[in-house]
Amino acid sequence: MSIFFLTQRQLSTLRAAADRIIPPDETAGAAEAGATDFILRLQNNELSAHQTAYAQGLNKIDEQATTQFAQLFADLAPAQQDIVLQAIERNHAIFFRMLVEHTLEGFYADPSNGGNRDAVSWKMIGYRAEGGIW
Amino acid sequence: MNDFDAIVIGTGAAGGIVAAVLAEAGQRVLLLERGADNPSPESPRDHLRNQRLSIYGHNAGPDISDHPRIAVAPNGTTSLVHPHEPGYQNNAACVGGGTRVYGGMAWRFMPQDFRMATTYGIPAGSSLADWPITYDDLEPFYERAEWEIGVSGATGADKFAGPRKKPYPLPPVDSNPERIALERGAAKLGLNTFPIPLLINTIPYNNRPACGKCGMCIGFACPTNSKNGTQNTMVPRALATGRCMLVTGAMAQKVHTDPRGNATAVSYFVNDKLQTHTAGMVICSAGAIESARLLLNSATVHHPHGLGNDFDQVGRHLQGHTYTGAFGVMPEPIFDGQGPGVSIATTQFNHHNPSIVGGGLLANEFIKLPALFIKWAMPPGQPRWGLAAKQYARENYRRTIHVQGPTQDIPNPEARVTIDPQIRDRWGIPVARLSGTTHPETIRTANFLRHRAEEWLTASGAKKVWSYPPQLQLSAGQHQAGTCRMGNDPKTSVTNSWGQIHGCENLYVIDGSLHPTNGGFNPALTIMALAFRSASYLIDRDQ
Ligand SMILES: Cc1cc2nc3c(=O)[nH]c(=O)nc-3n(C[C@H](O)[C@H](O)[C@H](O)COP(=O)(O)OP(=O)(O)OC[C@H]3O[C@@H](n4cnc5c(N)ncnc54)[C@H](O)[C@@H]3O)c2cc1C
């Protein structure tokens, strides 16, 4: 198993999609917080069985992007990306639900899981906003 | 001469107590625990791998690959499940058992909970039964559990509780903004509320410090050792006598019996090597599912259906709690981040509900970890992704209240543990097969309760309130109970009121398995009280 089960293109699609699931605003979005690193780490451990589903699902996102907007997903404007993801949510519901749940898990779990850098989501919602001993 | 006077299998809520009481009375005890002494030292505080949210693993056992079970879904589908997966009905496996990682709510059952059949009649298809003992019989042992393990609470504040002779040893947890809001709502509705009794040190006790308020009580071992379980009270007391030998990583395989069914020895695996030790008595305290499995797996030519199972009772009446409740979003933040967080309850709806069998307590929640908030506490229809979802979490994490509680399960004989004919664990021991569902009456009660939770939240000022209908499914899990019920009639129960298997001299079950019914309360304090009561009988009897 390697971290290279995804191509560079699939990786950038993953990062771009994660950033529409939890977009950056006045605080970090999913990609900056590391949620995609969390997902990759899972794929290499507990979720290795989902590697193919991920690779295929990310391809579907790019196919949808090319069909609708004649560009790769990562190169689209955020509003266009949302339209693409809505189509994916309708037509590839299982994959999309998995992608959303994994992104949320990474972003909101403890920083040592790798997807919540500097406890950015915790500070955002007010859980241990002042930091903690644990 | 026997190797030991007694062998106790399991170091959980019950086993730790039995071992200590016996050893302190002079007996030589072998205490077996399949789990480790210190569960998950490498990642004890993983929000995705713990005993509450175990998506990718957990932190207090049992080992994920060594201990499969078979789960039979309500539609009959059979699946092989691992300990962290849905359907497994896991509790924990480590020194302290469930008490290592529990939330520590320390409830006494109410007097009516020991008299369910008499109070309500027996619903068709259910095996609702009275206990062979009353609240008054257990009261002195609740007191021992509260003082010897350590419980904080507000004495006398629960006006529906049974009578007690001694106050709680520790003062109640502090109030918080959430509790103040819920008190306001309760006052409008005329509900009696009070601080939740907890097995948590609010001040130093038993040479251990007061709670550090980290807010990771439920599903985690306590980092300041301020949460009281058997691992930091009774097990150390047992070991301090010098007469108790604790073996961890010891998986009991079989209880050996003579033709009459009296216990002679226990075989267990340590490091995959089979050992056998003889003893004057054997106590199964492996938890409701594993104690039943062990008795069924200990069949002999004289007891071909398993020990204590001449009347096909072992493993039946499996029950736990159907959790129910509601969520509410408050206009202002009510979250102060201070653990344990859980701080207010009512027992107003445990009984006396018009045309409802039983009921259950309602309480606010422990500090909700963010990952759990995202998974459980989004209102229906709330988008799970996009900027709106992020903003929702940002605005409402500190405003959301979750009121919930354990519905008293109405037991039925078809909810049960059997032995799977094919699947074996790492050591070749046939695994538990779990089938059946709770009784439909449980669901009716749970629905009643969730509407009370909604009313409470609305009266407390929540601007948005929602809940989910409970499902008819098997209820066991962390509150598992009932599989070796005690009673007076050997045809309808497995043990007498001391946990002694009917017809046997020296074979006992002492753990959640004994509960004929499981109350509308978290069960650990009752399991502890029963363990003190039975263990006292064992030492009196031997003198
Ligand atoms: C996250 C969580 C939160 C909880 N919160 C609360 C709460 O707030 N209040 C409350 O009252 N209850 C709570 N509980 C439930 C409580 O922990 C259980 O009711 C209680 O621990 C059950 O006691 P027991 O003695 O029946 O079994 P356990 O405590 O489960 O102990 C059984 C022990 O036997 C061992 N064992 C099993 N099979 C074998 C074998 N073959 N060989 C050797 N050893 C074996 C197990 O590893 C285990 O350690 C919670 C549980 C969990 C997991």
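Lettering follows sequence order; numbering is per chain, from 1. Side chains included, hydrogens not; waters and symmetry mates left out as well; all remaining heavy atoms used.
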Carboxylate-amine/guanidinium contact B/Glu395 B/Lys464, below 4.0 Å: no

Do the non-hydrogen side-chain atoms of B/Val173 and B/Ile196 ever get within less than 4.5 Å of each other? no

Between B/Pro333, B/Pro370, B/Gly386, B/Ala389, which residue shows the highest count of heavy-atom pairs closer than 4.5 Å to chain A? B/Pro370

Where on A/Asp25 is there a heavy atom nearer than 4.5 Å to chain B: the side chain, the backbone, both, or neither? both

Max heavy-atom pairs within cutoff under 4.5 Å with chain B, candidates A/Asn116, A/Leu42, A/Thr103, A/Ile22, goes to A/Leu42

Atom pair CD/CD1 of B/Glu85 and B/Ile55 - distance to nearest 0.5 Å: 12.5 Å

Side chain, backbone, both or neither: which part of A/Gln81 has a non-hydrogen atom closer than 4.5 Å to chain B? neither

Nearest heavy-atom neighbours spanning B/Gly212 and B/Ser226: N-OG, 4.4 Å

Does any backbone or side-chain atom of B/Leu387 lie under 4.5 Å from a heavy atom of chain A? Answer side chain, backbone, both or neither. both

If you define the side chain from C-beta out and look only at heavy atoms, does anything of B/Asn59 sit under 4.5 Å from B/Arg49? no

Go through the atoms of B/Leu53 and report whether side chain, backbone, both or neither lie under 4.5 Å from a heavy atom of chain A. neither

Need one label for B/Phe373: side chain, backbone, both or neither, based on atoms under 4.5 Å from any heavy atom in chain A. neither

Would you mind checking which part of A/Thr27 comes under 4.5 Å of any heavy atom in chain B, side chain (CB onward), backbone (N, CA, C, O), both or neither? both

In terms of heavy-atom proximity below 4.5 Å to chain B, should A/Pro78 be classed as side chain, backbone, both, or neither? neither

In plain terms, say whether B/Arg45 and A/Asp110 are close enough for a salt bridge, that is, a side-chain N and a carboxylate O under 4.0 Å apart. no

Charged N-O contact under 4.0 Å between B/Arg179 and B/Glu183: yes

What's the spacing between B/Trp376 CH2 and B/Thr400 OG1 if we round to 0.5 Å? 14.5 Å

Examine whether an atom of A/Asp19 lies under 4.5 Å from a heavy atom of chain B, and if so say whether it belongs to the side chain, the backbone or both; otherwise answer neither. neither

Using non-hydrogen atoms and a 4.5 Å limit, figure out which bit of B/Leu372 sits close to chain A: side chain, backbone, both or neither. neither

